[in-house]
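Beneath this line is the structure, given in structure tokens, with notes to follow.
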Amino acid sequence: MASTEVPWHAAYPAPKRVANILSRPAFLQWLKQGKTAGKDFVLVDVRRADYEGGTIRGSINLPAQSLYPTIPALYSLLSASKVEYIIWYCGSSGGRGTRSAGWFADYIESQGDTTLKSLVLEGGIKGWAAAGPEYTDLMDEYDPSVWAKLSSK
């Protein structure tokens, strides 16, 4: 039977643009080159209830469900900094991460800003955690048992 529950994001407009994708290997290379969260980029984990098993080092948690109304304030903070990229991810970066990146890209464009870029991390945290030790070594609070349970489902 189909659910009649309205999705949380239905209260907000759909993003007009699709944010560019940052591949997992390209982001790993950034980190190896010494680019750092808070200085060169802001990394945003938009998970809420499924925020477990660890997060990519340097991430801040801004749940997608409460993000949309805060975008102007977030933009004000980021545009006043020297950060060039804001990178979004969720579980797989197929829903919340992509939607958040699109909303922020829309807002950047509405401000006429050509310096700040909104990107979505390919594969999200699930892809990161499944990519091996080179990736999981760059996670805070990494719990392999959580990822083992997820991959067995």
Side-chain angles (χ1 to χ4, degrees), residues 7-132 134-144 146-147 150:
W8 65 268
H9 54 83
Y12 307 112
K16 293 179 185 139
R17 52 209 43 58
V18 176
N20 290 329
I21 295 172
L22 177 60
S23 75
R24 203 173 27 257
F27 185 54
L28 180 64
Q29 192 60 38
W30 282 14
L31 298 174
K32 287 181 174 181
Q33 292 169 349
K35 289 191 179 197
T36 58
K39 180 180 173 201
D40 301 299
F41 60 86
V42 171
L43 184 59
V44 182
D45 183 339
V46 295
R47 294 177 294 156
R48 182 177 65 176
D50 56 339
Y51 188 77
E52 63 181 356
T55 190
I56 302 169
R57 188 161 299 131
S59 298
I60 59 172
N61 182 240
L62 299 174
Q65 291 82 349
S66 59
L67 177 70
Y68 190 82
T70 68
I71 288 175
L74 182 60
Y75 173 79
S76 292
L77 290 168
L78 294 174
S79 64
S81 74
K82 295 189 187 306
V83 168
E84 187 177 349
Y85 301 97
I86 183 161
I87 306 161
W88 308 86
Y89 70 92
C90 61
S92 64
S93 289
R96 294 166 292 179
T98 302
R99 185 172 289 108
S100 299
W103 282 334
F104 202 75
D106 290 348
Y107 195 82
I108 290 169
E109 185 173 294
S110 77
Q111 300 305 299
D113 188 334
T114 59
T115 58
L116 191 57
K117 313 277 186 296
S118 183
L119 306 172
V120 64
L121 181 61
E122 171 191 53
I125 191 68
K126 290 177 184 174
W128 191 270
E134 189 174 25
Y135 292 85
T136 58
D137 287 349
L138 296 170
M139 289 176 67
D140 290 330
E141 300 183 12
Y142 174 65
D143 182 350
V146 170
W147 302 107
L150 290 174

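Keep in mind that what you see is a predicted model, and the values were worked out from it rather than measured. Positions are given from 1 along the sequence.
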Centroid-centroid distance, Trp128 to Phe27, less than 6.0 Å: yes

Nearest-0.5 Å distance, [atom1] of residue [X] to [atom2] of residue [Y]:
{"X": "Tyr68", "Y": "Thr70", "atom1": "OH", "atom2": "OG1", "result": "11.0 Å"}
{"X": "Arg48", "Y": "Cys90", "atom1": "CZ", "atom2": "SG", "result": "13.0 Å"}
{"X": "Asp137", "Y": "Leu28", "atom1": "CG", "atom2": "CG", "result": "10.0 Å"}
{"X": "Ser76", "Y": "Gln111", "atom1": "OG", "atom2": "CD", "result": "8.0 Å"}
{"X": "Leu116", "Y": "Ile108", "atom1": "CG", "atom2": "CD1", "result": "4.0 Å"}

ask   = After noting the C-alpha distance and the side-chain angles of Phe104 and Leu74, does the key distance pass the side-chain contact (heavy atoms from CB on, under 4.5 Å) rule?
value = CA-CA 9 Å; Phe104 202 75; Leu74 182 60; 4.0 Å; yes

State, to 0.1 Å, how close [X] and [Y] come at their nearest heavy-atom pair, and which atoms those are.
{"X": "Ala37", "Y": "Gly58", "answer": "CB-O, 3.6 Å"}
{"X": "Ala19", "Y": "Gly102", "answer": "CB-N, 4.1 Å"}
{"X": "Trp8", "Y": "Ala64", "answer": "CZ3-O, 3.3 Å"}
{"X": "Gly34", "Y": "Asp40", "answer": "O-OD2, 4.1 Å"}

Are side-chain heavy atoms of [X] and [Y] found at a separation under 4.5 Å?
{"X": "Arg96", "Y": "Leu67", "value": "no"}
{"X": "Leu43", "Y": "Tyr89", "value": "yes"}
{"X": "Tyr85", "Y": "Leu22", "value": "no"}
{"X": "Thr136", "Y": "Trp147", "value": "no"}
{"X": "Glu122", "Y": "Pro25", "value": "yes"}
{"X": "Asp45", "Y": "Ile125", "value": "no"}

Look at the side chain of [X] and the backbone N and O of [Y], then say whether any donor-acceptor pair between them is shorter than 3.5 Å.
{"X": "Lys35", "Y": "Lys32", "result": "no"}
{"X": "Trp103", "Y": "Pro13", "result": "yes"}
{"X": "Asp143", "Y": "Gly54", "result": "no"}
{"X": "Ser100", "Y": "Gly97", "result": "no"}

Here the salt bridge (charged side-chain N to carboxylate O under 4.0 Å, His left out) pairs for residues 65-90, sequence neighbours left out, are none

Residue pairs passing the salt bridge (charged side-chain N to carboxylate O under 4.0 Å, His left out) test with at least one member in residues 16-28, sequence neighbours excluded, are Arg17-Asp106, Arg17-Glu109

Is there a side-chain contact (heavy atoms from CB on, under 4.5 Å) between Leu31 and Tyr135 once you walk through the steps? CA-CA 10 Å; Leu31 298 174; Tyr135 292 85; over 6 Å; no

Would Asn61 and Thr55 satisfy side-chain contact (heavy atoms from CB on, under 4.5 Å), going step by step from the backbone distance to the final call? CA-CA 9 Å; Asn61 182 240; Thr55 190; over 6 Å; no

Residues at least two apart in sequence or cross-chain that pass salt bridge (Lys or Arg N to Asp or Glu O under 4.0 Å) with Arg57, listed by chain then number, are Asp140

Partner set under side-chain contact (heavy atoms from CB on, under 4.5 Å) for [X], not counting sequence neighbours:
{"X": "Thr98", "result": "Val120"}
{"X": "Ile60", "result": "Val42, Val44, Leu62"}
{"X": "Asn20", "result": "Leu119"}

Under a 3.5 Å threshold, yes or no: a donor from one side chain and an acceptor from the other, between Ser93 and Trp88? no

Exercise. Take atom CD of Gln29 as the centre, draw a 6.0 Å sphere, and report whether it contains more than 12 heavy atoms from other residues, nucleotides or ligands.
Key: yes

